[in-house]
Structure formats: structure tokens, C-alpha cells
Amino acid sequence: MSDKAAVLLLQMGGPDSLDAVEPFLLNLFSDRDIIRIGPAFLQPFIARLIAKRRSPSVERKYEEIGGKSPIRELTESQARALEEVLGDGYRCFVAMRYWKPSTMEALAAIRREGISRVIALSLYPHYSRATTGSSVNELKRVLSQSGVQFQMTYVDRFFDHPLYIDALAEKVQEGLDDFHPLAEVQILFSAHSLPQSFIDEGDPYLDHIRETVRLVMERFEGVTHHLAFQSRAGPVKWLEPSTDEMLEHLAAHQVKNLLIVPLSFVSDHIETLHEIDIEYAQEAHKLGYSRFRRSPSLNASPTFISCLADLVRKATEDHG
Ligand SMILES: C=CC1=C(C)c2cc3[nH]c(cc4nc(cc5[nH]c(cc1n2)c(C)c5CCC(=O)O)C(CCC(=O)O)=C4C)c(C)c3C=C
Ligand SMILES: [Fe+2]
Ligand SMILES: [Fe+2]
């Protein structure tokens with residue numbers, strides 16, 4: 001047995017080729033933690049239909065950002081950077097909820113190294129049943145099926161961690177530096193949307209998002225900011241306002257310089273590289289903005305990696 005601890009980074013995952021888009025969507029739409037379509041026994045069939053119908057348009061988007069999601073490489077580079085900062089006592093692994101490497105593959109790799117202590121660290125800063133909740137449920141299912149006893153610790157949120165706020169603020173500053181020093185710039189935080197019903201049932205996601213925005217904006221007093229929600233994916237009531245409505249609203253109020261700050265993800269993926277950088281940028285141009293920029297994603301930002309290291313160390317002290 002190894003005396004090292006494993007850090008298991010939980011993330012959504014994304015298709016690693018155009019052929020993977022449909023099976024990736026099938027995995028996502030089959031998950032009742034993220035979406036409930038009809039009674040449970042019918043969901044696998046409906047999920048298959050939706051995945052088939054949605055995949056051509058989603059494939060075109062992935063084609064335009066290089067033929068796949070970069071989320072695996074980016075998450076693995078976060079894992080390597082974290083391992084470096086944590087030093088000898090830890091090994092880092094990645095488990096993707098809807099694509100590869102799967103939770104089962106990740107646990108098998110941990111087992112091969114003879115490690116028995118695992119810190120499961122969700123890479124979603126804001127807790128939601130749809131994201132972290134789903135990844136943790138999957139992990140618990142796989143653990144109970146595997147029959148192997150790991151000593152588990154869970155870190156399921158870090159929306160208000162001072163180093164996370166520092167890391168985001170650095171990226172916001174980088175984004176602001178891309179405007180003329182005298183330009184009047186407003187900030188639009190864009191979080192991933194969630195059906196309103198999750199919030200009504202007590203999901204803390206929206207409160208967490210608002211707290212992150214408040215803490216970041218303490219560092220940018222005097223700058224006007226807004227919050228909106230992107231990437232709706234179905235015909236129910238989603239959080240409002242949507243990012244595209246907000247773009248129109250601000251343009252109508254003569255805002256000319258806008259910095260959009262993606263929240264909810266800690267790395268680039270289809271929603272930064274396509275939805276913001278291509279779709280919203282085109283829309284902003286049409287709406288008459290003079291300058292529309294996105295702040296860079298955290299990816300392997302050293303400040304962000306030090307936030308993850310702090311979370312891991314604290315989890316180890318608490319349970320070690
Ligand atoms: C089906 C409903 C969906 C809910 C609810 C939802 C919530 C949610 N998702 C993220 C983060 C990501 N979502 C990504 C892709 C994606 N999400 C949905 C659906 C829901 N998400 C779909 C169908 C897809 C696939 C793309 C598409 O068809 O539009 C990704 C990107 C993966 C990648 O490309 O690398 C991320 C990340 C959060 C944070 C969230 C709720 C809080
Ligand atoms: Fe999503
Ligand atoms: Fe999405």
C-alpha cells in the first residue's frame with residue numbers, strides 16, 4: 001500500500017472527436033441528476049432521440065473550435081500543475097462524468113498505484129445537484145460496485161475561496177487591460193444557466209454565483225457590472241436574464257465597451273470558445289459595441305492551482 005493520497009478531479013468532460021459528440025450527448029441526456037425527461041424507464045429512449053437530433057448542430061460547433069473539446073487536455077494540465085505544487089505526498093487523477101477518462105477508469109488507475117486515501121475535488125466552484133451532485137453520485141455508485149474500500153474525502157464547492165477570487169480577479173484585470181485606459185468598460189458576468197426548478201427545490205447554485213460576483217467586484221469598485229446566464233439546453237424556464245438578452249439590453253443603453261467574464265467553468269470549452277468567442281462576439285458586433293472582449297479562463301493559472309492545493313491540504317488536515 002502506498003502512503004500517498006490521490007486527488008481525484010471531478011469534471012464534466014467533453015467529446016474528444018466529432019464521432020464522440022452523439023455518445024457524449026447520450027450520456028448527458030441519460031443522467032437524471034442533470035435532466036429529467038419523462039418517467040425514469042423511458043429516459044434512455046428519449047435521451048437517444050434527443051442526442052441524435054441535437055448532435056449535427058453540436059458537431060458543427062465542435063468542428064469550428066478544432067474538432068473536439070479541449071477540456072480533457074486542460075483538466076490534465078491542471079492535474080499535473082496541482083501535483084507539482086502539492087509535491088511528493090499526492091498523485092492527481094481525472095474523472096469525467098460524461099466522457100473519458102470515466103470515473104471507473106480513474107478509480108482503477110488509483111488502485112493500480114496502491115493508493116487508499118482519495119480526496120475527490122469537484123472542479124465546479126458553485127455547487128449544483130446538476131454538476132457536482134451528479135459527479136459525486138456517479139463516484140459513489142462506482143465505489144459501491146467496485147468493492148474496493150477507499151478512505152474518501154469530498155470537496156464539493158469553493159465559490160468563495162480567497163485564492164479562487166484572487167485568480168478570477170487577475171483574469172478580470174487582464175481582460176480590462178485589453179481596453180483603452182480611458183474607455184468606460186462595463187463587466188458582464190456570464191454563468192451557465194440552470195432550470196429555475198432546481199433553484200425552487202433548494203439548489204444553492206444561484207446564491208453561490210452571486211457571492212462569487214460580489215467578492216470579485218469588491219476588487220473593482222466603481223466598475224459597473226451585470227450578471228446573466230448562458231447555454232440553455234431545453235424548453236423549460238431557465239435562470240434569467242439570458243446573456244443574449246443582456247447584450248441587447250446593454251446595447252440599447254449605449255454601452256460600447258464590454259468585458260464578458262465566464263463563470264461556472266474553470267477551463268475553456270465549447271461555451272467559452274464557441275458560444276462567447278464566436279456567437280456572442282458576432283452578436284455584439286451587430287449590436288454596435290465598439291469593443292467586446294472575454295476575460296481568459298482560469299485553466300492552469302498558478303493562483304487557481306494554489307487554490308486547489310489549499311483545498312486539498314485543508315481536506316487532508318481535516319480528515320487525516
Ligand atoms: C440538459 C441540461 C443541462 C443543464 C441543467 C446543464 C447545467 C450545467 N452545465 C455546466 C457545464 C457545462 N455544460 C457543458 C455542455 C453541455 N451542457 C448541456 C446541458 C446542460 N447543462 C449540454 C447538452 C451540453 C453539450 C453541448 C451542447 O449540446 O450544447 C460543458 C462543456 C463540455 C465541453 O465542451 O467541454 C460544460 C463545462 C454547468 C456548470 C451547469 C450548471 C450549473
Ligand atoms: Fe451544461
Ligand atoms: Fe451547456
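Quick caveat, the model's predicted, so the values are computed rather than measured. In each ligand, atom 1 is the first atom listed, and ligand 1 is the first ligand listed.
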Cluster check Leu298, Val312: I/L/V/M/F/W/Y, side chain < 4.5 angstrom
yes

Under 6.0 Å between the ring centres of Phe265 and His269?
yes

Which ligand 1 atoms are under 4.0 Å away from a heavy-atom of [X]?
X      : result
Ile34  : 3 (C), 4 (C), 5 (C), 6 (C), 20 (C), 21 (N)
Pro195 : 5 (C)
Tyr62  : 32 (C), 33 (C), 34 (O)
Ile71  : 35 (O)
Ala233 : 19 (C)

With a 4.0 Å heavy-atom cut-off (strictly under), which part of Phe198 contacts ligand 1: side chain, backbone, both or neither?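 Neither; no heavy atom under 4.0 Å.
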
Check: Would you say His192 and ligand 1 have an N/O pair spaced under 3.5 Å apart?
Finding: yes

### Query
Is a side-chain donor or acceptor of Gln78 paired with a backbone partner of Asn299 at a separation under 3.5 angstrom?
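It does hold such a pair.
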
| request: Compute the minimum heavy-atom distance from Phe29 to ligand 1 and say whether it is under 4.0 Å. | output: yes

Shortest non-hydrogen pair, Thr212 vs Phe159, comes out as OG1-O, 2.8 Å

Heavy-atom nearest pair, Arg219 first then Pro162, reads NH2-O, 4.2 Å

